[in-house]
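The sequence lines fix the lettering, A, B, ..., with proteins before strands; numbering per chain opens at 1.
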Number of protein chains: 2
Amino acid sequence: MNRATIRDVARKAKVSHQTVSRVINGHNSVTPETRERVADAIRELEYVPSQVARSLSSSRTHTLGMVTTDVSDHFFAEAVAGADAEARKHGFFLIIGSIEPGAEDDERTYLRLLLERRVEGLIIAVPRLRLADDDLLAGAATRLPTVVVASDIELPGADHVDIDNRRGGLEATSYLLAQGHRRIATITGPLDWPSARARLDGYRDALRGTATAEAQVVEPSLDWGLESGRRAAERLLAVAKRPTAIFAQSDLLALGAIAALRAHGLRVPDDVSIIGFDDIPVAEVFDPPLTTLRQPMREVGELAARLVADPHSGARRGKSTRRHVLRAPLVIRGSVAPLRIKSEAGAGRSARIVRASKG
Amino acid sequence: MNRATIRDVARKAKVSHQTVSRVINGHNSVTPETRERVADAIRELEYVPSQVARSLSSSRTHTLGMVTTDVSDHFFAEAVAGADAEARKHGFFLIIGSIEPGAEDDERTYLRLLLERRVEGLIIAVPRLRLADDDLLAGAATRLPTVVVASDIELPGADHVDIDNRRGGLEATSYLLAQGHRRIATITGPLDWPSARARLDGYRDALRGTATAEAQVVEPSLDWGLESGRRAAERLLAVAKRPTAIFAQSDLLALGAIAALRAHGLRVPDDVSIIGFDDIPVAEVFDPPLTTLRQPMREVGELAARLVADPHSGARRGKSTRRHVLRAPLVIRGSVAPLRIKSEAGAGRSARIVRASKG
DNA sequence: TCGGTCTATGTTACCGGTCACATCACGCCA
DNA sequence: TGGCGTGATGTGACCGGTAACATAGACCGA
């Protein structure tokens, strides 16, 4: 038994298929009586209109496409959830092509799938996009509203939405400086991520402004994860001049680093201060509660979807590229302490001096 | 400038549109020369075939639909990622209707949207489904392959995939018993979640088998989150007979509880042992590393998609409901210690006795 | 040499809606 | 009373593919 069509309903209600269409779409010029008859037929036949046919004839799919890094990454999942909700508000359906780590070749495949499905807008949330110079993407960006998220690729016709990573890196480091720290290390993310580079730039900006500060950059080989943080911290500990504070570019890196420091008998924040980046859900309940910068990924997703879905708010094809940057606010908790000089007596003083020189 | 159609390509290549169709679909009986000419035309016109038109005429959408609880929940995101990957392996595209907390009325809307888009299979991953008795869902389940995930609703014609929560609850509690604990509390999830009820059943199963054991059930009012865990632990501490071990039904509840215990000067696991459920990414790096049961949500998603996408592996409409249950293995880390009797001397003995009585 | 089979290609209908336009009945006003 | 605007409904084409069948050579064996 196949699904009923609009003509089946029409026959049953003894009207034309067009009248049925009018009822479905809530058109005004239909007699209440007719409307009722049609509604009955729809109910009896369990008729569900075909969006497929509708899309073909109206050439509107009410669908937005999003190509994203693996959604099992919490932050991209947040962005997806935000975009999804916002898209729906504008009457769009979001369909997602999620790229698994290691399957980066799929980027093109998924993009193509989305285009074949005639999405009416495109959100590209793949930080290390291989498609940057791809014709398919370039063509898409000129055809439909396109927003690039968390990536610095140049895509004519596309808007960009991103976290202000550089400023975030600057603020994280400045905060450590303000707490009196001078020997401040950073554990970066993988430097092929634009966000990692931007945070590193911010870190350097901050240190540049402070003559006495010493930089120490550790780049983890692999990813943003715990294990990388742990290993990076191990490397820091092997150095003669141990830092008094660490800016870890992700919360997981921070947590991994804390674990490694603990394993070496160091206390956080008493011996070493740590600041993260992300504000993952457990950051708050960790011991110590992690001081970090909150990445508003949900808002990023929402903004991206709004730009794509709402023709009035930008991302119109052909328009020049606009950059929307969202700030990552500092969340102060317990993993950063003022610098303590060796003798207990000097503990508070150092911090006070810093504050004085700042204000 | 509108997208080129198959007939535009045909005109340019001086063949019929059918021949173009043949080339696109890799049909064999086309001269290499013709194929080449068509391919050139496709390239020049930047032709991308319309999946919409294709679906309409072939009545195949190659699309699976998934209705899920908010994907910003890590575990559902995992399930979605698994289902997505598996669906793709079978040549399907997964489209998702994610229900935001508080917008449960959307369940029906999204289900309907999926049906309008003529999905060829359905994955329902909403633990507390309001649609349980809905005609729309019932009709869908008889029409297309349907799998219900992590829910105990009865849906004729649908397969079920779930974690073995009861066994998980049993094993968590048994492990605490095996460590010598007798006063064991549980912090449940919200009891309108089937998984929470099943874990509670498992907990009771375990205690029933041990005459000397004492149960203590705390149900958090709201959710599975940190704050609920914290509050639940507070309530436990207010009781005269303090438990020596706690089975928290989620890792976040566990972490929240640990935070509360610490705030009261209690050490984990020295004063109170805690076991969680989930194995979230940070469980491993927490201090102490959390002993917990790993929920293989990715596998759940994969299995669900496989059942729906592969007609040979079940979920055929009309067939009787099958139940597939995945085990949640125990992951032993550092948040559970053997029961210590007040006097330090007795510490190890208690645990030894238990082990002996068990083997 | 001729019908039969196979290959390459073309022709036409069809999928299930929407769109543009046609039609018809009715009421109103000059 | 006739013309016209308007509301309710119907008709046929069309969206861009696929499916089924038709056709025209080429090859092949009897």
Side-chain angles (χ1 to χ4, degrees), chain A residues 1-39 41-42 45-63 91 112-113 115-120 143, chain B residues 1-39 41-42 45-63 91 112-113 115-120 143:
Chain A
M1 170 188 87
N2 272 322
R3 278 227 169 268
T5 76
I6 204 171
R7 282 162 232 262
D8 297 328
V9 174
R11 206 172 309 125
K12 182 141 204 154
K14 297 194 198 311
V15 293
S16 75
H17 67 271
Q18 186 55 237
T19 300
V20 177
S21 172
R22 288 192 184 99
V23 171
I24 295 168
N25 297 294
H27 249 270
N28 39 3
S29 61
V30 179
T31 304
E33 178 198 351
T34 315
R35 188 187 304 280
E36 190 58 37
R37 220 166 59 241
V38 171
I42 287 177
L45 296 173
E46 296 184 7
Y47 168 72
V48 175
S50 161
Q51 186 57 45
V52 177
R54 208 175 249 169
S55 294
L56 180 60
S57 75
S58 65
S59 51
R60 297 259 353 232
T61 56
H62 296 281
T63 302
R112 204 188 147 80
L113 282 174
L115 293 177
E116 287 189 356
R117 277 156 195 267
R118 296 293 189 264
V119 294
E120 296 183 36
R143 276 206 159 66
Chain B
M1 170 186 86
N2 271 322
R3 278 229 168 267
T5 77
I6 204 170
R7 283 163 230 260
D8 297 328
V9 174
R11 205 172 312 125
K12 182 141 204 155
K14 297 193 196 312
V15 294
S16 77
H17 68 273
Q18 186 56 237
T19 300
V20 177
S21 174
R22 287 190 183 101
V23 171
I24 294 168
N25 295 294
H27 250 269
N28 38 3
S29 62
V30 180
T31 304
E33 177 199 351
T34 314
R35 186 186 304 279
E36 189 58 38
R37 219 166 61 240
V38 171
I42 288 178
L45 296 173
E46 297 185 8
Y47 168 71
V48 175
S50 162
Q51 186 57 46
V52 176
R54 209 175 245 167
S55 294
L56 179 59
S57 75
S58 66
S59 51
R60 299 257 356 231
T61 56
H62 296 280
T63 302
R112 203 189 148 82
L113 281 175
L115 293 178
E116 288 189 354
R117 274 156 198 267
R118 295 292 189 263
V119 294
E120 297 183 36
R143 275 206 161 69

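- Although no hydrogens or angles enter the test, the distance criterion places no donor-acceptor pair under 3.5 Å between the side chain of B:Arg117 and the main chain of A:Gln51.
- Looking at residues 30-38 of chain A, you'll see A:Val30, A:Thr31, A:Thr34 sit with a heavy atom under 4.0 Å from some atom of DNA chain D.
- Distances from the side chain of B:Ser50 to the nucleotides D:dG17, C:dG16, D:dG10 place D:dG17 closest.
- Rounding to the nearest 0.5 angstrom, the gap separating the CD atom in A:Glu120 from the CZ atom in A:Arg143 is 14.0 Å.
- Remark: the B:Arg22 side chain and the B:Thr34 side chain contain no N/O donor-acceptor pair separated by less than 3.5 Å.
- The separation between B:Arg117 atom CZ and C:dG16 atom C1' is 16 Å, rounded to whole Å.
- A donor-acceptor pair under 3.5 Å is absent between the side-chain atoms of B:Thr31 and the main chain of B:Glu33, judged by distance alone.
- The residue A:Ser59 sits apart from the nucleic acid: no heavy atom pair falls under 4.0 Å.
- Taking both residues in full, the closest heavy atoms of A:Arg118 and A:Thr61 are given as O-OG1, 2.6 Å, listed atom of the first, atom of the second, then distance.
- Atom-to-atom, CZ of B:Arg60 to C1' of D:dA19 comes out at 15 Å; the value is rounded to the nearest Å.
- Contact check for A:Asp8 versus A:Thr5: side-chain heavy atoms found under the 4.5 Å cut-off.
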Mind listing the N/O atom pairs, protein and nucleotides 18-21 of chain C, below 3.5 Å?
| from | atom 1 | to | atom 2 | distance (Å) |
| --- | --- | --- | --- | --- |
| C:dT18 | OP1 | A:Asn25 | ND2 | 3.2 |
| C:dT18 | OP1 | A:Arg54 | NE | 3.1 |
| C:dT18 | OP2 | A:Ser21 | OG | 2.5 |
| C:dT18 | O4' | A:Ser57 | OG | 2.6 |
| C:dT18 | O4 | A:His17 | NE2 | 3.3 |
| C:dC19 | N4 | A:Gln18 | NE2 | 2.0 |

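- Rounded to an integer number of Å, the gap from NE2 of B:His27 to C1' of D:dT18 is 10 Å.
- As rounded to whole Å, 10 Å separates atom P of D:dG17 from atom CD1 of B:Ile42.
- With axes fitted over five pairs at each extremity, the angle between the ends of the helix from C:dT1-D:dA30 to C:dA30-D:dT1 is 60° (10° resolution).
- We find that CZ of B:Arg11 is positioned 12 Å from P of D:dG17, with the value rounded to whole Å.
- Annotation for B:Ala41 and B:Ala13: closest pair CB-CB, 4.0 Å, computed over non-hydrogen atoms.
- B:Val15 comes within contact range of the sugar-phosphate backbone alone, with a heavy-atom separation under 4.0 Å but no base atom that close.
- Here the side chains of A:Arg54 and A:His62 are not in contact, with every heavy-atom distance at 4.5 Å or above.
- Two residues are said to be in side-chain contact when any heavy atoms from C-beta on lie closer than 4.5 Å; B:Leu45 and B:Arg11 fail this criterion.
- Rounded to whole angstrom, the span from the CD atom of B:Gln51 across to the C1' atom of D:dG17 amounts to 10 Å.
- If you take CZ of A:Arg3 and C1' of C:dG16, they are 13 Å apart, rounded to a whole angstrom.
- With a 4.5 Å cut-off on side-chain heavy atoms, A:Ile24 and A:Val9 do not count as touching.
- Of the N and O atoms on the side chains of B:Ser50 and B:Arg3, not one donor lies less than 3.5 Å from an acceptor on the other residue.
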